[in-house]
Number of protein chains: 2
Amino acid sequence: MGAKEAPQYRKLYELLRGLIEDLSYQYGDLLPSENELCATHQLTRPTVRKALDMLVNEGFIIRQQGKGSIVLGLPKGIGILSLTGTTSAIGQDLLTTKIIVKPHIMSWEHAFGYELSERDRSLGCIHMERLRLINEKPVFYDITMIPNLNLPRFTSRTFENRSLFDILRKHYQIEVKGGEQKIQAITADDRIVKHFGVKKNHPILRVDRKLDTSKAGFSFFSQIYCNTENYSLIGSF
Amino acid sequence: MGAKEAPQYRKLYELLRGLIEDLSYQYGDLLPSENELCATHQLTRPTVRKALDMLVNEGFIIRQQGKGSIVLGLPKGIGILSLTGTTSAIGQDLLTTKIIVKPHIMSWEHAFGYELSERDRSLGCIHMERLRLINEKPVFYDITMIPNLNLPRFTSRTFENRSLFDILRKHYQIEVKGGEQKIQAITADDRIVKHFGVKKNHPILRVDRKLDTSKAGFSFFSQIYCNTENYSLIGSF
DNA sequence: GTCCATTTGTACGTATGTATC
DNA sequence: TGATACATACGTACAAATGGA
């Protein structure tokens with residue numbers, strides 16, 4: 001069975017979101033009116049409005065009666081952990097990702113302290129490990145475990161330089177809705193010493209996360225090690 | 001001119017939300033089907049669906065095709081950092097607070113790296129420092145700086161064992177709506193060594209936070225040092 | 001201040017597809 | 001298999017806010 005095509009409202013949503021994300025529309029701009037969007041995309045108003053409603057809910061635009069759909073720009077993503085440097089911002093181009101352990105199916109050993117459902121446990125998990133580098137210096141080590149639940153072709157996809165959140169949203173129509181995280185300061189263990197090239201007792205941030213999605217009963221888990229010597233982990237809420 | 005009546009979908013939303021908040025519907029319950037809601041409230045499906053969509057967006061319910069609208073309960077509060085132990089949960093009674101520096105008015109020295117408005121800077125800030133202990137062992141060291149802006153009697157209030165969020169909400173009708181935080185793993189400095197009684201190079205979590213409130217233009221700032229040896233900092237989002 | 005075209009907001013109706021039990 | 005429930009998408013009408021003529 002092949003992948004089901006995305007619904008019309010979602011395709012329009014992705015299109016408009018992309019135009020905001022690549023700055024084709026910027027803060028203060030007006031999107032085309034609903035009727036224009038209907039005409040150009042051969043859709044009816046309820047369908048167009050659904051796409052616009054999604055953009056409102058995620059903070060990309062606000063709408064004003066009598067005026068139009070006003071672009072706010074890139075929202076602060078909740079649950080998105082990003083980095084900030086002390087001297088400069090992080091450009092997309094400086095960040096590289098190295099796959100340490102390719103996505104593969106295995107049985108669950110643990111879920112970083114979180115509870116697993118019986119179904120998730122019986123299906124096994126997709127496991128991968130990635131090292132993120134900024135200016136070729138390792139900053140993140142990222143272990144992800146996803147229930148092996150009807151994600152066709154998932155293990156064969158490539159993840160270099162692409163957000164897991166984006167892949168889940170675009171290819172599987174799964175959105176991260178919320179989650180929970182546990183944060184600790186620890187000292188670097190052998191594996192981290194090896195990947196990060198720091199001294200044995202260097203302070204390291206560890207984040208254990210459970211991410212809940214729009215798909216009922218579907219959560220996934222990640223553990224992030226972060227060298228915060230030159231960068232801070234930042235998050236909005 | 002009187003208040004305009006709320007639209008139908010919003011009235012239904014408020015009704016259903018109220019029933020979830022007062023636990024008439026609880027985790028796992030099914031709401032009445034769309035068609036039932038249509039019949040009981042004399043509305044059409046698009047209107048009912050709009051109300052249900054709002055509940056989904058705010059995390060009160062999820063919906064499953066072929067099954068129904070499943071109640072999740074009260075969404076978890078965002079921005080609240082709490083602690084979890086490895087062996088047991090934290091009871092309210094085990095947590096004590098010791099005021100190290102009483103609330104007092106001073107000029108801003110910094111805002112933990114965040115930008116200050118000109119007005120905030122000119123008014124000065126209310127500054128306080130608190131040590132939080134669990135089972136008489138220090139775990140948090142908390143520095144808070146609040147713009148000195150029309151908060152009568154604030155410096156004379158007592159903060160032992162009471163959440164700053166609760167005080168702002170109950171006494172000043174100010175709610176924390178969101179914010180931003182920067183997290184780093186550091187090694188204990190002299191002050192932390194003194195307050196926490198740990199060794200000089202013990203790994204410590206530091207969180208710099210900017211908290212935005214329902215009062216326009218009113219944000220406050222805090223810096224939290226946390227010994228995560230026996231407890232993890234946890235947060236929902 | 002008024003009028004009017006534009007734009008979004010609310011609400012109705014209908015049909016068909018698809019997942020669940 | 002059938003009944004039920006949600007998902008998608010079409011169409012229509014009128015109300016209310018905005019901004020310019």
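Reckoned from all heavy atoms, side chains included, excluding hydrogens, waters and symmetry mates. Note on naming: letters A, B, ... go to the chains in the order of the sequence lines (proteins, then strands), and numbering restarts at 1 for each one. This is a predicted model, so every value here is computed, not measured.
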Just the rounded figure in Å: distance from [atom2] of [N] to [atom1] of [X].
X	N	atom1	atom2	value
A:Q8	D:dT8	CD	P	11 Å
A:I62	C:dT7	CD1	P	17 Å
B:K50	D:dT8	NZ	C1'	17 Å
B:Q65	C:dA19	CD	P	6 Å
B:E34	C:dT16	CD	P	19 Å

Review point. Is B:P7 touching bases, backbone alone, or none of the nucleic acid, heavy atoms closer than 4.0 Å?
Key: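 Sugar-phosphate only.
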
Check your understanding: Is A:T47 touching bases, backbone alone, or none of the nucleic acid, heavy atoms closer than 4.0 Å?
Key ->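 Touches sugar-phosphate only.
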
Review point. Between A:R45 and B:P32, which is nearer to the 5' end of DNA chain D once each is assigned its nearest nucleotide?
Key: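 Result of the comparison: B:P32.
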
Practice item. Could you check A:R10 against B:G66 and say which one's nearest nucleotide on DNA chain D is further toward the 5' end? Key: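 Its nucleotide being nearer the 5' end, the pick is B:G66.
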
Check your understanding: Do you know which of A:K182, A:Q184, A:Q223, A:Q181 makes side-chain hydrogen bond (donor to acceptor under 3.5 Å, both in side chains) with A:D208?
Key ->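 In the set A:K182, A:Q184, A:Q223, A:Q181, the residue that makes a side-chain hydrogen bond (donor to acceptor under 3.5 Å, both in side chains) with A:D208 is A:Q223.
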
Does [X] have a side-chain nitrogen or oxygen under 4.0 Å from the phosphate oxygens OP1 or OP2 of [N]?
X	N	result
B:R63	D:dA7	yes
A:R49	C:dT8	no
B:K67	C:dA19	no
A:S69	C:dT8	yes
B:Y9	C:dA11	no

Check your understanding: What about the rings of B:Y172 and B:F154, do their centers lie closer together than 6.0 Å?
Key ->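 Yes - the distance between ring centres of B:Y172 and B:F154 falls below the 6.0 Å cut-off.
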
**Study point:** Straight-line distance of A:N148 CG to A:W108 CH2, nearest 0.5 Å
**Key:**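 Separation between the atoms: 9.5 Å.
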
Check your understanding: B:E34 and B:R63: salt bridge (Lys or Arg N to Asp or Glu O under 4.0 Å), yes or no, with the steps?
Key -> CA-CA 11 Å; B:E34 294 178 359; B:R63 310 171 75 193; 2.3 Å; yes

Point to revise | B:D22 and B:S24 side chains, donor-acceptor separation under 3.5 Å | key: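 A pair is found: one side chain offers a donor N or O, the other an acceptor, under 3.5 Å apart.
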
